[in-house]
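See structure below.
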Amino acid sequence: MSTAIRILQGSFGRVALLDMDGPLVTHAHHHCHILLKASGADSAFVVRDGLQTLTERTAVLVNAWEPHAYAPAGNFLAGTVILALYLDCAWLAGIHRQLSVAGHPHFFPHSCVEIGAAIRERADSLALEMADGSGIAPDRLETRLSDLVLAVLEPFSEMRNARRLAHSAPLSTQDRRIRRAVALLQQGAGSARNMHALAARSGLSRAHFFALFRQCMNMPPAVYANTLRMEAAIDGLGAGPVPIADLSGRLGFAAQSHFTRFFRHHLGITPSEYRRKTNVLGRA
């Protein structure tokens with residue numbers, strides 16, 4: 001079973017050091033996502049319908065809202081420790097003005113890139129500090145994180161083409177019916193949704209709704225809804241000592257066991273382990 005070594009959550013988003021030994025379902029994040037191997041066996045993610053390998057010399061890059069799945073190769077018992085960066089797009093815009101386009105669906109032109117010694121050294125240093133367990137001061141973490149992020153984004157993102165990217169509108173903005181469906185899903189973020197009713201409220205047949213949603217959003221509506229639900233779960237777990245059973249009910253799960261299974265399928269760990277291993281920085 002996968003385990004969390006340490007998770008840090010703050011204005012930057014999340015930084016997680018995860019010991020992964022099993023697959024994850026297809027999912028997405030509203031974050032800009034960088035995946036680096038810290039130790040263990042080589043592994044892979046499915047991004048853009050291709051298998052992207054994760055090794056000491058590569059990084060896997062996932063755009064905001066881009067569907068992906070963890071697909072460890074070979075024997076699942078050979079775990080991989082992964083340094084996973086879930087980067088808040090507003091935070092990125094704050095560290096460099098050209099990163100204001102970090103949420104664009106074409107921000108990363110390539111899903112797998114070969115990294116050099118400078119990135120490898122920064123990633124290893126951050127992973128070692130997280131594994132140490134003695135804690136990292138928030139200012140020190142943000143400095144280390146921004147140094148690592150810029151080392152990855154400057155050569156491997158479209159930040160240098162920010163003006164061109166900013167004028168390239170995502171498909172999802174071009175159909176009012178899908179805009180309405182997205183707004184309805186966001187209004188009920190964190191709850192189960194009846195997709196047939198959602199299609200009807202969008203003025204579409206169920207089949208047309210599913211096809212158009214996938215065309216515009218690059219994912220089925222259920223994956224989008226589950227992404228919102230998962231982020232609501234993570235926010236709830238980090239917000240304070242709310243009982244997990246109460247959070248489960250608030251998110252629309254019929255039983256806490258269903259919530260635990262949903263969470264584990266998306267992140268690899270249980271909600272209780274996520275809460276136990278997470279430090280929320282900057283919370284009043």
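Ring centroids of Phe262 and Phe253 are separated by less than 6.0 Å, placing the two rings close together. Aromatic pair His31/His33: centroids not less than 6.0 angstrom apart. In this structure, His68 has its ring center under 6.0 Å from that of His29.
Using a 4.5 Å cut-off on side-chain heavy atoms (C-beta onward), Leu281 and Phe12 make contact. Contact check for Ile82 versus Leu36: no side-chain heavy atoms found under the 4.5 Å cut-off. Here the side chains of His258 and Arg261 are in contact, with some heavy-atom distance below 4.5 Å. In this structure the side chain of Ile269 reaches within 4.5 angstrom of the side chain of Ile7, judged on heavy atoms.
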Test salt bridge (charged side-chain N to carboxylate O under 4.0 Å, His left out) applied to Glu129 and Arg6, step by step: CA-CA 10 Å; Glu129 278 205 74; Arg6 176 70 61 85; over 6 Å; no
Test ring-ring contact (aromatic ring centres under 6.0 Å, His included) applied to Phe156 and Phe108, step by step: CA-CA 7 Å; Phe156 299 125; Phe108 288 129; 9.0 Å; no
Verdict with reasoning, Arg250 to Asp246, per salt bridge (charged side-chain N to carboxylate O under 4.0 Å, His left out): CA-CA 6 Å; Arg250 189 187 308 165; Asp246 292 353; over 6 Å; no
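In terms of modelled atom types and a separation under 3.5 Å, the side chain of Gln52 and the main chain of Val47 share a donor-acceptor contact. Distance alone, capped at 3.5 Å, is enough to place a donor-acceptor pair between the Asn194 side chain and the Ala197 backbone. With hydrogens and angles ignored, the 3.5 Å screen pairs no side-chain donor or acceptor of His104 with any backbone N or O of Ala102. Using a distance-only test at 3.5 Å, with no hydrogens or angles considered, no donor-acceptor pair links the side chain of Arg201 to the main chain of Ala181. Checked by atom type and distance alone, the side chain of Ser157 never pairs as donor or acceptor with a backbone atom of Glu154 at under 3.5 Å. Although no hydrogens or angles enter the test, the distance criterion places a donor-acceptor pair under 3.5 Å between the side chain of Thr58 and the main chain of Thr53.
In this structure, the separation between CG on Asp21 and OG1 on Thr80 is 9.0 Å, given to the nearest 0.5 Å. In this structure, Ser100 OG and Met159 CE are separated by 9.5 Å, a value rounded to the nearest 0.5 Å. The OG1 atom of Thr227 lies 6.5 Å from the NE2 atom of His266; values are rounded to the nearest 0.5 Å. Here OH of Tyr224 is found 13.0 Å from CG of Asn218. Values are rounded to the nearest 0.5 Å. Expressed to the nearest 0.5 Å, how far CD1 of Ile244 lies from CZ of Arg275 amounts to 5.0 Å. Distance check, rounded to the nearest 0.5 Å: CZ of Arg264 to OG of Ser2 gives 9.5 Å.
Of all the heavy atoms in Val223 and His27, the pair that sits closest is CG1-CA, 4.2 Å. Scanning all heavy atoms of the two residues, the minimum distance from Ile5 to Lys277 falls at O-CD, 4.0 Å. Here the shortest heavy-atom pairing between Ala233 and Phe259 reads CB-CE1, 3.7 Å. Closest heavy-atom contact between Gly238 and Val280: O-CG2, 3.6 Å. What you find for Met130 and Leu83 is that their closest heavy atoms are SD-CD1, 3.8 Å. The nearest pair of heavy atoms linking Arg120 to Thr55 is NH1-O, 4.2 Å.
With 3.5 Å as the limit, one finds no donor-acceptor pair spanning the side chains of Tyr86 and Glu231. In this model, a donor atom of one side chain and an acceptor atom of the other lie less than 3.5 Å apart for Arg48 and Ser111.
Remark: Arg164 CZ is packed, more than 12 non-hydrogen atoms of other residues, nucleotides or ligands lying under 6.0 Å away. Heavy atoms of other residues, nucleotides or ligands lying less than 6.0 angstrom from CD of Glu121 number 12 at most. The environment of CD in Glu114 is sparse: at most 12 heavy-atom neighbours from other residues, nucleotides or ligands sit within 6.0 Å. Taking a 6.0 Å sphere around CZ of Arg57, one finds it holds 12 or fewer heavy atoms contributed by other residues, nucleotides or ligands. More than 12 heavy atoms of other residues, nucleotides or ligands lie within 6.0 Å of CZ in Arg276, so this atom counts as buried by the packing criterion.
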Taking only distance into account, with no hydrogens and no angle test, what donor-acceptor pairs under 3.5 Å do side-chain atoms of residues 205-213 form with protein atoms, sequence neighbours excluded?
residue, atom, partner, partner atom, Å
Ser205, OG, His208, N, 3.2

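Residues that satisfy the side-chain hydrogen bond (donor to acceptor under 3.5 Å, both in side chains) test with Asn161, not counting sequence neighbours, are Glu158.
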